[in-house]
Amino acid sequence: MDPRRARVVLGLRGPADEAATRAAFRRAVKATHPDRAGGDAARLREVVEAYEVLKTAPSPSPPAPAPRPAVATEVLEISPALAAFGGEAMARLADGRKIAVSLPAGLRDGDRVRAGDALLTVAVRGAEGLTLRGDDLWLTADLPSDAPWGGRLPVETPAGPRAVWIDRRALRRGLVRLSGAGLPARGPHSVGDFIVRLRPSAGAESGARSRLRAFTAAWAAL
């Protein structure tokens with residue numbers, strides 16, 4: 001006899017625990033016992049067999065409710081360098097917990113990452129002169145006053161120091177674009193550029209800076 005048939009014999013409907021199964025067995029024994037009117041020995045043996053089957057069979061449990069999808073209600077602020085290259089970050093949740101999060105490379109504003117059982121929305125904040133605009137990383141670099149005619153300019157990038165060539169076009173525009181050196185491609189996003197904005201050094205204007213401004217104006221007039 002299988003458990004389904006055994007439940008029918010004992011008159012059980014739906015999931016039943018041990019106590020409910022035992023009570024149903026007692027009622028069935030009273031109804032089928034040969035000493036009672038309408039009783040029958042064969043039916044009693046079937047009731048006993050059904051009870052033995054259900055005692056050893058696991059009780060069916062109701063299906064567990066489907067987990068609700070996590071909703072991103074908290075913000076994880078990261079630097080442009082973390083957005084570009086990924087790495088470890090520490091997320092502080094609203095309930096006070098701190099959870100380490102492993103971030104992939106190429107995160108953008110509005111992307112979502114999971115921290116334990118929480119889903120966080122990424123917000124990229126500028127840090128140390130480095131900002132994120134769409135897919136592009138922007139860095140502001142001081143232009144040395146003693147090198148007004150261009151040449152190589154050392155800048156600190158998220159990947160480390162890099163020498164950027166400053167030519168006449170860069171001097172005229174006030175920036176240098178390094179194609180493909182911004183955020184890596186991820187999902188629907190394309191690879192970005194790394195853009196260095198050239199800023200004159202602070203302080204009183206020197207003769208070198210005056211020559212630089214004259215030099216830039218001369219090129220702009222060509």
Side-chain angles (χ1 to χ4, degrees), residues 70-94 98-115 118-145 147-203 205 209 212-213 215-222:
V71 179
T73 58
E74 300 182 55
V75 175
L76 175 64
E77 294 188 359
I78 64 174
S79 67
L82 269 177
F85 299 103
E88 294 294 324
M90 187 63 66
R92 183 188 295 273
L93 306 183
K98 292 182 178 180
I99 300 180
V101 188
S102 181
L103 302 177
L107 288 172
R108 270 75 169 177
D109 272 317
D111 283 351
R112 295 179 177 182
V113 295
R114 187 169 294 278
L119 194 62
L120 309 179
T121 300
V122 171
V124 183
R125 306 301 188 207
E128 298 179 354
L130 190 65
T131 58
L132 177 65
R133 296 183 183 179
D135 303 326
D136 300 332
L137 287 171
W138 285 69
L139 176 69
T140 299
D142 289 329
L143 185 64
S145 59
W149 308 113
R152 294 188 180 274
L153 174 67
V155 296
E156 290 292 333
T157 74
R162 181 168 177 176
V164 179
W165 178 254
I166 307 299
D167 58 14
R168 63 182 187 182
R169 184 179 181 184
L171 288 170
R172 185 169 64 246
R173 298 178 59 190
L175 58 84
V176 180
R177 180 183 296 269
L178 305 177
S179 298
L183 262 63
R186 184 172 185 269
H189 302 285
S190 302
V191 64
D193 298 337
F194 190 86
I195 302 171
V196 180
R197 181 188 290 109
L198 304 174
R199 180 178 60 188
S201 299
E205 185 172 40
R209 187 172 303 158
L212 172 61
R213 297 208 310 176
F215 173 78
T216 304
W219 276 114
L222 293 180

What pair of heavy atoms forms the shortest contact from Leu137 to Pro80, and how long is it?
-> CD2-CB, 3.8 Å
Inter-residue atom distance Leu130.CG - Thr140.OG1, 0.5 Å rounding = 9.0 Å
Rounded to the nearest 0.5 Å, what's the gap from CG on Asp136 to CZ on Phe194? Could you check?
-> 10.5 Å
Under the side-chain contact (heavy atoms from CB on, under 4.5 Å) test, residues paired with Ala105 that sit two or more places apart | Pro184
Please test Val113 against Val122 for side-chain contact (heavy atoms from CB on, under 4.5 Å), starting from the C-alpha separation and ending with a verdict.
-> CA-CA 7 Å; Val113 295; Val122 171; 4.1 Å; yes
Atom pair CG/CD1 of Leu76 and Ile78 - distance to nearest 0.5 Å | 6.0 Å
CG of Leu82 to CG of Leu103: how many Å apart, nearest 0.5 Å?
-> 6.0 Å
Given side-chain contact (heavy atoms from CB on, under 4.5 Å), test Arg133 with Ile195 step by step and report yes or no.
-> CA-CA 10 Å; Arg133 296 183 183 179; Ile195 302 171; over 6 Å; no
Distance-only, no hydrogens or angles: does the Arg108 side chain make a donor-acceptor pair with backbone N or O of Gly106 under 3.5 Å?
-> yes
Which distance, rounded to the nearest 0.5 Å, do you find between the CG of Leu120 and the CD1 of Ile99?
-> 8.0 Å
Taking it one step at a time, do Ser102 and Glu88 satisfy side-chain contact (heavy atoms from CB on, under 4.5 Å)?
-> CA-CA 5 Å; Ser102 181; Glu88 294 294 324; 3.4 Å; yes
Report the distance from atom CG of Asp193 to atom CG of Leu183, rounding to the nearest 0.5 Å.
-> 11.0 Å
Please report the shortest heavy-atom distance between Arg186 and Pro104, naming the atom on each side.
-> NH2-CG, 3.6 Å
Distance-minimising heavy-atom pair for Ala123 and Val75 = CB-CG1, 3.6 Å
